[in-house]
Amino acid sequence: MAPVTVRATGAIGAAAGIAIAVFTYCTLYKPNKNRNFRSIFFNKKKKLKPRKGLVDAIGNTPLIRINSLSEATGCEILGKCEFLNPGGSVKDRVAVKIIEEAIESGKLTRGGVVTEGSAGSTAISLATVAPTYGCKCLVVIPDDAAIEKSQILEALGATVERVRPVSITHRDHFVNVARRRALEANELASKRRRAVDKDGKELEHINGYGSDGAIQSSKFPSDCTGGFFADQFENLANFRAHYEGTGPEIWEQTGGELDAFVAAAGTGGTVAGVSRFLQENNPNIKCFLIDPPGSSLFNKVTRGVMYTKEEAEGRRLKNPFDTITEGIGINRLTQNFMMAKLDGAFRGTDREAVEMSRFLVKNDGLFLGSSSAMNCVGAVRVAQSLGPGHTIVTILCDSGMRHLSKFYDVHYLSQQGLTPAAAGLEFLGIK
């Protein structure tokens with residue numbers, strides 16, 4: 001009889017367990033209009049609501065542990081996945097902030113044209129975001145930038161001008177050309193307003209000429225209400241986008257438990273906004289710059305001067321940007337970069353960036369662009385400097401999809417003597 005007693009007891013126990021579970025569910029988790037069975041298991045903390053349009057989907061990107069680098073260094077190396085923004089990069093934040101502040105100030109109106117000189121990512125973000133505000137986008141881009149960036153811009157409906165790379169002091173530097181295009185758009189809009197007759201009818205345009213004989217620009221739509229130069233390098237809306245957005249997100253996602261932040265700089269907005277926010281909240285957090293070849297910011301941070309003695313004596317290269325990375329490195333101080341609070345800087349190389357990108361694809365499935373790869377080089381350098389046991393955050397700016405024709409092109413890299421060959425992280429002294 002003993003075995004029968006055991007079975008009966010087991011059955012009674014099982015039945016009691018089921019009864020208790022049902023009672024608990026009915027009393028504690030009773031479905032109502034604000035709760036459903038699925039939410040009990042998959043959405044315990046808060047409900048995920050639909051975003052209100054593309055702009056509302058920008059930001060709040062995941063912060064992930066980069067497992068391979070963390071395990072190799074003994075530090076927690078975390079990357080903020082900015083490539084998951086709708087426009088594909090960290091520059092989405094900047095585009096929204098620049099446009100919204102311009103609209104609020106009255107400098108940009110619906111039907112206006114946003115102009116910018118950009119190596120790619122900011123331009124793509126502006127072209128992505130501008131239509132949501134009823135605006136067009138005109139971009140001037142250096143002709144040595146990856147061709148797919150121009151193709152993306154054109155597909156987004158932007159007007160694209162490719163110009164040869166020259167010094168910022170040259171009137172035809174891509175930034176200076178973009179600034180002129182904004183002035184031209186304003187002039188065109190002003191002439192158009194003056195060309196309205198007494199009856200409020202717009203004067204006729206024939207074969208590209210107005211009835212007053214003035215040539216109509218083909219760069220701008222006929223109903224253009226004016227131009228606005230985004231000026232990402234000097235416009236502090238860039239800095240504010242990261243001081244008010246990226247920085248606070250990193251702080252919240254880490255619970256304030258981080259030891260260091262590192263990133264490269266182009267305009268300087270990201271490293272400035274994030275570093276200032278983090279250090280204002282905890283002065284013990286160390287913030288660093290990683291600088292590519294040809295850029296002078298490393299010298300500025302580490303020595304207090306932009307150029308070495310030899311460079312100051314006129315031996316500086318005419319075209320110093322001897323790097324295949326895009327969107328980072330600069331030879332002047334921008335208003336945005338001057339807002340940064342940095343404790344030091346590291347110099348990165350093209351080879352390190354190339355090797356890092358391949359290492360991350362192979363070991364983490366992370367397909368990153370050149371600036372993101374350089375940032376990860378910086379994260380390892382910081383880890384080596386601080387030692388094991390520290391938490392380090394960097395920015396994963398964009399994916400490798402915009403870098404196929406150069407940074408990920410086998411033939412191009414071979415021509416530059418940069419064919420990746422590392423098996424691991426030996427290129428950073430880690431075996």
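Heads up: numbering here begins at 1 and tracks the sequence.
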Could you give the distance from CG (Leu69) to CG (Asp364), rounded to the nearest 0.5 Å?
-> 6.0 Å

Please check if the side chain of Arg51 supplies one atom and the backbone of Asp56 the other of a donor-acceptor pair under 3.5 Å.
-> yes

Heavy atoms from other residues, nucleotides or ligands near CZ of Arg164 exceed 12 (cutoff 6.0 Å) | no

About how many Å separate CG of Asn363 and CG of Leu425, when rounded to the nearest 0.5 Å?
-> 7.5 Å

Arg179 side, atom CZ; His173 side, atom NE2 - distance, nearest 0.5 Å = 10.0 Å

Charged N-O contact under 4.0 Å between Lys107 and Glu101 | no

Is the backbone N or O of Thr325 less than 3.5 Å from a side-chain atom of Ser370, with the two atoms forming a donor-acceptor pair by type?
-> no

Decide side chain to side chain donor-acceptor pair (under 3.5 Å) for Thr122 and Gln232; before the verdict, give the C-alpha distance in whole Å, the side-chain angles of both, and the deciding distance to 0.1 Å.
-> CA-CA 8 Å; Thr122 301; Gln232 61 167 326; 2.6 Å; yes

Rounded distance (nearest 0.5 Å) linking atom CG of Asn67 with atom CG of Leu366 = 9.0 Å

Within the side chain of Ser275, is there an N or O that forms a donor-acceptor pair under 3.5 Å with the backbone of Val271?
-> yes

Salt-bridge criterion met for Glu352 and Arg381 (N-O under 4.0 Å) = yes

Grab the two heavy atoms, one from Gly88 and one from Asp398, that are nearest each other, plus how far apart they are.
-> O-CB, 3.5 Å

Distance-only, no hydrogens or angles: does the Glu161 side chain make a donor-acceptor pair with backbone N or O of Val139 under 3.5 Å?
-> no

Compare all side-chain heavy atoms of Cys135 with those of Val113 and state whether any distance is below 4.5 angstrom.
-> no

Go through the side-chain N and O atoms of Asp92 and Ser125 and say whether any donor and acceptor fall under 3.5 Å apart.
-> yes

How about Glu234 and Thr334: does a side-chain donor come under 3.5 Å of a side-chain acceptor?
-> no

More than 12 heavy atoms of other groups within 6.0 Å of Glu71 CD = yes

Could you tell me whether Phe367 and Tyr408 have their ring centroids closer than 6.0 angstrom?
-> yes

Quick check: does any side chain N or O of Glu355 sit under 3.5 Å from a backbone N or O of Ala421, one acting as donor and the other as acceptor?
-> yes

Charged N to carboxylate O below 4.0 Å: is that the case for Glu244 and Lys97?
-> yes

Look at atom NZ of Lys406 and say whether more than 12 heavy atoms of other residues, nucleotides or ligands are closer to it than 6.0 Å.
-> yes

Worked verdict on Glu280 versus Lys341 for salt bridge (charged side-chain N to carboxylate O under 4.0 Å, His left out) = CA-CA 9 Å; Glu280 284 180 0; Lys341 299 188 72 173; 5.8 Å; no

Assess Arg303 against Phe298: is NZ or CZ under 6.0 Å from the centre of the six-membered ring, and within 45 degrees of the ring's axis?
-> no

Does the distance from a Lys or Arg side-chain N to an Asp or Glu carboxylate O, for Arg402 and Glu326, drop under 4.0 Å?
-> no

Does a side-chain heavy-atom distance below 4.5 Å link Ile392 with Asp259?
-> no

Any sub-3.5 Å donor-acceptor pair from Asp350's side-chain atoms to Ile324's backbone N or O?
-> yes

Strictly under 6.0 Å, is that where the ring centroids of Phe288 and Phe346 end up?
-> yes

For the residue pair Asp409 and Leu404, establish whether any side-chain heavy-atom pair is separated by less than 4.5 Å.
-> no

Go through the steps for Glu249 and Lys80 under the test salt bridge (charged side-chain N to carboxylate O under 4.0 Å, His left out), then give the verdict.
-> CA-CA 9 Å; Glu249 287 175 26; Lys80 189 132 173 70; 2.9 Å; yes

Provide the closest heavy-atom pair for Gly117 versus Ala178 in the form atom of the first, atom of the second, distance.
-> N-CB, 3.3 Å

Please examine the side chains of Glu100 and Tyr133, heavy atoms only from C-beta on, and report whether any two atoms are closer than 4.5 Å.
-> yes

Exercise: do Ser150 and Arg162 side chains pair donor with acceptor under 3.5 Å = yes

For the residue pair Asp343 and Gln279, confirm or rule out a side-chain donor-acceptor distance under 3.5 Å.
-> yes

Leu78 side chain near Thr391 side chain, heavy-atom distance below 4.5 Å = yes

Tell me, do Met356 and Phe427 make a side-chain contact under 4.5 Å, heavy atoms counted?
-> yes

Heavy-atom side-chain contact between Ile330 and Ser296 under 4.5 Å | no

Any ion pair linking Asp172 and Arg180 (charged N to carboxylate O, less than 4.0 Å)?
-> yes

Between the OG1 atom in Thr225 and the NZ atom in Lys136, the distance rounded to the nearest 0.5 Å is 11.5 Å

Whether over 12 other heavy atoms sit under 6.0 Å from Met338 CE | yes

Quick one: does NZ or CZ of Arg358 land under 6.0 Å from the six-membered ring centre of Phe407, within 45 degrees of the ring axis?
-> yes

Side-chain contact test, heavy atoms from C-beta onward, threshold under 4.5 Å: evaluate it for Cys397 versus Phe83 and give yes or no.
-> no

